[in-house]
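In what follows, every chain begins at residue 1, and chains take the letters A, B, ... in the order their sequences are listed.
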Amino acid sequence: KQEVTQIPAALSVPEGENLVLNCSFTDSAIYNLQWFRQDPGKGLTSLLLIQSSQREQTSGRLNASLDKSSGRSTLYIAASQPGDSATYLCAVPLGNDYKLSFGAGTTVTVRA
Amino acid sequence: NAGVTQTPKFQVLKTGQSMTLQCAQDMNHEYMSWYRQDPGMGLRLIHYSVGAGITDQGEVPNGYNVSRSTTEDFPLRLLSAAPSQTSVYFCASSYADGVKANSPLHFGNGTRLTVT
């Protein structure tokens, strides 16, 4: 069974600091890994999807890396802003089916 | 673009009552799914569908029914509500070959359900 872990559960940083969010998974046979953002009272928004053949994916200030062999992914957010405050979740497919296994998320607070 | 639309946004039920959570998407996605989100537990898959007329169970299907008569709609039915079903429910959609096609999942804004 695929288990996805995100540590820490919560993180508070001053504005301008770089954020590093971690995601680990137990089964390395994955097609891809997705990072999502969830604002309070809202649904999840897909931020980045890294294919298994890729080592990293970038979008603006966001960069996600993937190391399948070690079962880890890291989401970097450069020069954090108060608007980056949200919960960030990672998810991987369960086997060949499009059924995602989610981590519990890291709640980020960026202090102005 | 409406994307994935869920109704209602909030609902309070008494134990034993039944109700249907609605989900509709306008992106012509073959794949649709229902998740529940509970504090500290992440999201857990309830049911999913890879196309009209096809449904299957996820991790936590007990107490829930689904059907998929059209590509656009995927309602979730609670047969006899229990306090353990108090949660936030999310509907999500993607292309059916989402895994291999590396297609991201699109979520609705959720339905917050309380069962007393």
Side-chain angles (χ1 to χ4, degrees), chain A residues 1-10 21 23-27 29-54 57 59 62 64 66 68 86-107, chain B residues 1-7 9-10 21 23-25 27 29-51 54-61 88-112:
Chain A
K1 178 184 176 183
Q2 178 74 273
E3 293 186 3
V4 183
T5 304
Q6 292 185 251
I7 295 174
L21 307 179
C23 172
S24 61
F25 46 95
T26 54
D27 186 350
I30 59 171
Y31 278 103
N32 57 50
L33 182 144
Q34 291 187 58
W35 282 95
F36 293 88
R37 169 183 171 139
Q38 184 176 28
D39 293 294
K42 299 292 186 181
L44 282 70
T45 300
S46 181
L47 296 174
L48 290 168
L49 185 152
I50 313 175
Q51 301 177 32
S52 60
S53 58
Q54 297 176 314
Q57 186 72 260
S59 176
L62 276 61
L66 176 63
K68 282 183 56 178
T87 298
Y88 293 84
L89 300 95
C90 63
V92 294
L94 295 172
N96 292 328
D97 294 332
Y98 204 120
K99 295 184 285 188
L100 297 186
S101 180
F102 282 83
T106 296
T107 299
Chain B
N1 290 337
V4 180
T5 303
Q6 291 186 239
T7 56
K9 292 184 179 180
F10 302 94
L21 280 63
C23 175
Q25 53 88 13
M27 297 173 282
H29 284 165
E30 297 95 338
Y31 178 88
M32 297 185 74
S33 55
W34 279 101
Y35 288 85
R36 60 176 289 173
Q37 184 176 36
D38 301 292
M41 298 186 69
L43 281 82
R44 292 180 292 169
L45 183 65
I46 304 171
H47 285 286
Y48 67 99
S49 168
V50 296
I54 305 169
T55 64
D56 206 346
Q57 296 181 350
E59 292 177 77
V60 289
V88 181
Y89 292 84
F90 288 101
C91 179
S93 73
S94 181
Y95 292 107
D97 286 334
V99 173
K100 297 177 182 177
N102 293 299
S103 175
L105 205 57
H106 297 261
F107 281 81
N109 282 333
T111 293
R112 284 144 188 81

I7(A) CD1: over 12 foreign heavy atoms closer than 6.0 Å: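 No, not enclosed.
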For atom NZ of K68(A), decide whether the heavy atoms of other residues, nucleotides or ligands shown that lie under 6.0 angstrom number more than 12.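 Yes.
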Quick one: ring pair (Phe, Tyr, Trp, His ring centres under 6.0 Å) partners of F36(A), sequence neighbours excluded?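 With sequence neighbours excluded, F36(A) shows a ring pair (Phe, Tyr, Trp, His ring centres under 6.0 Å) to F102(A), F107(B), given in chain and number order.
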Taking all atoms of both residues into account, what is the closest heavy-atom pair of Q38(A) and F90(B), and its distance?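 So the minimum-distance heavy-atom pair works out to NE2-CZ, 3.3 Å.
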With sequence neighbours excluded, residues passing salt bridge (Lys or Arg N to Asp or Glu O under 4.0 Å) with R44(B):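 Scan of R44(B) (salt bridge (Lys or Arg N to Asp or Glu O under 4.0 Å), adjacent residues dropped) gives D38(B).
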Name the region of Q6(B), side chain, backbone, both or neither, that has any atom closer than 4.5 Å to a heavy atom of chain A. neither
Which value, rounded to the nearest 0.5 Å, describes the distance between L44(A) atom CG and Q37(B) atom CD?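 That separation rounds to 6.5 Å.
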Rounding to 0.5 Å, atoms OG1 (T45(A)) and CG (L105(B)) come to a distance of 11.5 Å
